[in-house]
Amino acid sequence: MPKVEITVPEHLEMQIAQMVEQGEFVNREEAIEDLLSTGLKAYKTSGPMDDEDRDAGIEDEGMMGHEDEYVF
């Protein structure tokens, strides 16, 4: 399996750590893989937002109003 290095905001890392501590996932790697897979499936289903939706002030779900960049 290919390895990918990502940088995520502190608030997302804390949420992932909390899910692992609560037993929702065995470890961080499993959590990130599952959450990324789920996000990709949801994105594929709903598709990207067009510019008009973004201009109307509609935010992506789960971003909690943050405009953080993700590095893959």
Side-chain angles (χ1 to χ4, degrees):
M1 182 179 312
K3 290 190 176 214
V4 177
E5 183 176 323
I6 63 169
T7 303
V8 297
E10 185 69 26
H11 71 276
L12 293 180
E13 173 59 28
M14 290 185 332
Q15 289 177 2
I16 291 168
Q18 185 177 23
M19 287 185 229
V20 172
E21 287 174 18
Q22 293 173 346
E24 294 183 47
F25 298 100
V26 175
N27 55 40
R28 288 177 58 233
E29 290 78 17
E30 179 189 278
I32 292 168
E33 182 180 346
D34 190 38
L35 294 168
L36 182 58
S37 177
T38 300
L40 288 172
K41 288 175 189 172
Y43 181 83
K44 218 174 166 184
T45 301
S46 64
M49 294 173 53
D50 61 24
D51 290 338
E52 289 178 16
D53 290 339
R54 291 190 192 282
D55 292 341
I58 298 173
E59 295 179 1
D60 293 333
E61 278 188 53
M63 290 300 294
M64 298 169 44
H66 296 282
E67 294 183 14
D68 298 306
E69 291 185 25
Y70 299 91
V71 179
F72 290 90

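Index from 1, following the sequence.
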Task: Separation between NE2 of H11 and CD of Q15, rounded to the nearest 0.5 Å - done: 6.0 Å
TODO: Could you grab the distance from atom CD1 of I16 to atom CD of E21, nearest 0.5 Å is fine?
DONE: 12.5 Å
Open item on the list: I need the full list of side chain to side chain donor-acceptor pair (under 3.5 Å) pairs touching residues 28-38, with sequence neighbours left out, sorted by first then second residue.
Closed with: E13-R28
Task: Hphob cluster co-occupancy, L35 + V26, side-chain heavy atoms under 4.5 angstrom - done: no
Open item on the list: For residues F25 and V8: do they belong to one hydrophobic cluster (side chain heavy atoms under 4.5 Å, members Ile, Leu, Val, Met, Phe, Trp, Tyr)?
Closed with: yes
Open item on the list: Ignoring hydrogens, what is the shortest heavy-atom contact between I32 and I6? Give both atom names and the distance.
Closed with: CG2-CD1, 4.3 Å
